[in-house]
Amino acid sequence: MELKMKYSYSYFIYPYVIQEKNYRKYIEGLMKNKKYKPKFFEKDKNLGIYKFFLPTIREYMFKSFNLAKKTQTSVNTFDDKLRSNLFKESPCVMFEYEIGKNAQAKTGEESGIFFKIEKIEVICFKTGICFLAIKTNIEDTDRFSDLLNFNLKFRDINSETANLEEYRNIKIQTDTFSDIKMLSELIYEITGKTKEAQKMDIDINRFFVYSYVCLDQEYWNETREFAEIEKEFYKFANVLNSEFNSTFDNDKLKTVNLGKYIKVGVSKAGINLLTSSINTVNYTNLPNEFENEYLYAYIFTLYEKFYFAKILQDFKSNVKHVKASKEFVKFTNDVWVHELTNVDNGNLIHKETKEVLELKEVYGIVKEQYDVTYKGFKMKNNDMLNRVVFILLAISIITNIVNFIKLYNLK
């Protein structure tokens, strides 16, 4: 059965790491480039995000909510130093890349899956952990199978081993990028070398997939149950091709029910939402919520995972382990112990995402390393204290002997 879609989009999220010593220079470089526009958040325009995130996480990720509107509108007129000072202490900054106009209509002779790049965002945390988020829409097709195949292929376009011949049937419809190779060059321009990410064991060859699909209601309604399309949902959630016909490893997949006709699949490959157009809200309000509140919540959760990987890497360094200990304690107190949202659906997805990404286990490993470092610290300090006490005791004994000799001579 060929499923048809009413509406869809896919975000491809690519994590990368900038060395902390180079972070400020990197941000300055983005600000100097006219194609990158700082992204600010305002309560009236981004009320959904403001209400979704609890104060602590909102302050950490969306500090621009606190900036005066006048400052936001005039930031592009500031000189480089002033703009740099505005951003340098912010825990998280975001930029939108100016894509350009969409390409003209295609001729009937062309074949393949055409897609449009609607948005490119750069999200950077002060720790040097960054994310590139690319929003896409496939065009001239409403077939669910085309989206499955597109998601699978696109997520690997940055792979060093990828054969670009495989992407001949994927066509980009923007003036900015003429082909996949040109897009890959932009990805490299933004993310740079992958050495730091590799140290943290981040998969640099693959995007995370964050996709929304609203099926035509004729395939999922009061008379046609979800069971009839369940296999297609598993392909979607696990980012598999349309021809996949083997058994699914659903132990690694979490399914969240946000309503009778809303299913969210959370896997290590990403988060993907499938819904039906039987309810109007599923293709009006829901797509906007999913690509704002829930998207940033997912990116923040990914950030936590990669941050712990970074701290774990720093613990192995003789030079950085003291700093890592302090940062780990600060992050635990300032961020980790705080809830992300009090929205029920948001909590459900966040809980399952943390479980799939094994965040508690990763945190436990870092905590063990911190304990080892702390004990080593304590032993070292005790050893140093014992040495000081021994030296002072020796000095005291020698002083007493000298005084005794002087007193004896006087007699």
Side-chain angles (χ1 to χ4, degrees), residues 11-42 45-46 49 59-102 117-136 157-158 172 174-198 200 202 204 207 295-296 299-300 302-303 306-307 310:
Y11 273 86
F12 295 92
I13 302 166
Y14 186 77
Y16 62 101
V17 183
I18 304 297
Q19 278 190 307
E20 283 189 70
K21 66 179 182 180
N22 298 328
Y23 176 75
R24 179 170 176 173
K25 185 177 180 182
Y26 175 75
I27 296 300
E28 286 176 354
L30 293 181
M31 288 191 291
K32 288 178 182 178
N33 191 326
K34 292 183 179 180
K35 282 192 170 291
Y36 297 89
K37 304 297 181 186
K39 183 170 184 176
F40 296 108
F41 295 86
E42 301 173 36
K45 292 182 180 179
N46 310 106
I49 291 174
E59 173 71 11
Y60 193 89
M61 195 170 185
F62 307 98
K63 202 173 182 67
S64 59
F65 271 122
N66 298 329
L67 283 179
K69 194 169 184 178
K70 185 177 180 181
T71 303
Q72 293 189 17
T73 55
S74 60
V75 69
N76 289 322
T77 64
F78 295 171
D79 59 42
D80 292 339
K81 186 175 181 180
L82 189 56
R83 288 204 293 172
S84 177
N85 289 336
L86 183 65
F87 282 88
K88 70 176 182 179
E89 295 304 324
S90 179
C92 178
V93 293
M94 303 185 194
F95 296 87
E96 288 189 46
Y97 180 85
E98 192 175 277
I99 300 171
K101 297 178 181 178
N102 293 328
I117 296 177
E118 288 203 347
K119 186 192 300 184
I120 296 177
E121 284 190 24
V122 175
I123 301 110
C124 279
F125 293 86
K126 192 180 176 183
T127 56
I129 298 170
C130 300
F131 298 89
L132 173 64
I134 303 173
K135 182 186 179 183
T136 64
I157 64 167
N158 209 47
I172 297 180
T174 69
D175 286 340
T176 306
F177 312 108
S178 59
D179 55 30
I180 292 290
K181 185 178 179 181
M182 193 173 177
L183 177 58
S184 296
E185 289 171 355
L186 174 70
I187 293 170
Y188 179 78
E189 175 192 315
I190 294 173
T191 64
K193 295 180 180 179
T194 57
K195 186 177 178 181
E196 293 301 310
Q198 286 176 306
M200 293 160 51
I202 295 175
I204 58 172
F207 286 86
L295 173 64
Y296 288 123
I299 288 175
F300 186 80
L302 287 173
Y303 167 68
F306 296 137
Y307 177 78
K310 179 182 181 299

According to salt bridge (charged side-chain N to carboxylate O under 4.0 Å, His left out), who are the partners of [X], at least two apart in sequence or on a separate chain?
X	result
K135	E118, E291
E185	none
K39	E121

Min side-chain heavy-atom separation [X]-[Y] under 4.5 Å:
X	Y	result
Y97	L132	no
N66	E59	yes
K310	V17	no
I13	L295	yes
F125	Y23	no
V93	L30	no

[X]: which residues meet the ring pair (Phe, Tyr, Trp, His ring centres under 6.0 Å) condition with it, sequence neighbours left out?
X	answer
Y14	F207
Y26	none
F12	F150, F154

Distance (rounded to the nearest 0.5 Å) between [X] [atom1] and [Y] [atom2]:
X	Y	atom1	atom2	answer
S64	N46	OG	CG	8.0 Å
I190	I120	CD1	CD1	6.0 Å
K193	Q198	NZ	CD	11.5 Å
I129	I202	CD1	CD1	6.5 Å
L302	F131	CG	CZ	5.0 Å
M61	S90	CE	OG	11.0 Å

- [ ] For F95 and C124, run side-chain contact (heavy atoms from CB on, under 4.5 Å): C-alpha distance rounded to whole Å, both residues' side-chain angles, the deciding distance at 0.1 Å, then the answer.
- [x] CA-CA 9 Å; F95 296 87; C124 279; 5.8 Å; no
Open item on the list: Tell me whether the count of non-hydrogen atoms from other residues, nucleotides or ligands lying under 6.0 Å of NZ in K119 goes above 12.
Closed with: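 Counting other residues, nucleotides and ligands, NZ of K119 exceeds 12 neighbours.
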TODO: Taking side-chain hydrogen bond (donor to acceptor under 3.5 Å, both in side chains) as the test, write out the residues that go with T127, two or more places apart.
DONE: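 Scan of T127 (side-chain hydrogen bond (donor to acceptor under 3.5 Å, both in side chains), adjacent residues dropped) gives Y303.
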Task: Sequence-distant partners of Q19, side-chain hydrogen bond (donor to acceptor under 3.5 Å, both in side chains), two or more places apart - done: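 N22, E196.
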Task: Test log, rule side-chain contact (heavy atoms from CB on, under 4.5 Å), inputs I123 and C92 - done: CA-CA 7 Å; I123 301 110; C92 178; 3.7 Å; yes
TODO: Using the side-chain contact (heavy atoms from CB on, under 4.5 Å) rule, take Y16 and I187 through it: C-alpha gap first, then chi angles, then the decisive distance, then the call.
DONE: CA-CA 10 Å; Y16 62 101; I187 293 170; over 6 Å; no
Open item on the list: Ring centres under 6.0 Å, that's the criterion: do F62 and Y296 meet it?
Closed with: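 Ring centres of Y296 and F62 closer than 6.0 Å.
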Open item on the list: Let's go through R24 and E28 carefully: what are the C-alpha distance in whole Å and the side-chain angles of both, what is the deciding distance for salt bridge (Lys or Arg N to Asp or Glu O under 4.0 Å) to 0.1 Å, and is it a yes or a no?
Closed with: CA-CA 6 Å; R24 179 170 176 173; E28 286 176 354; 3.4 Å; yes
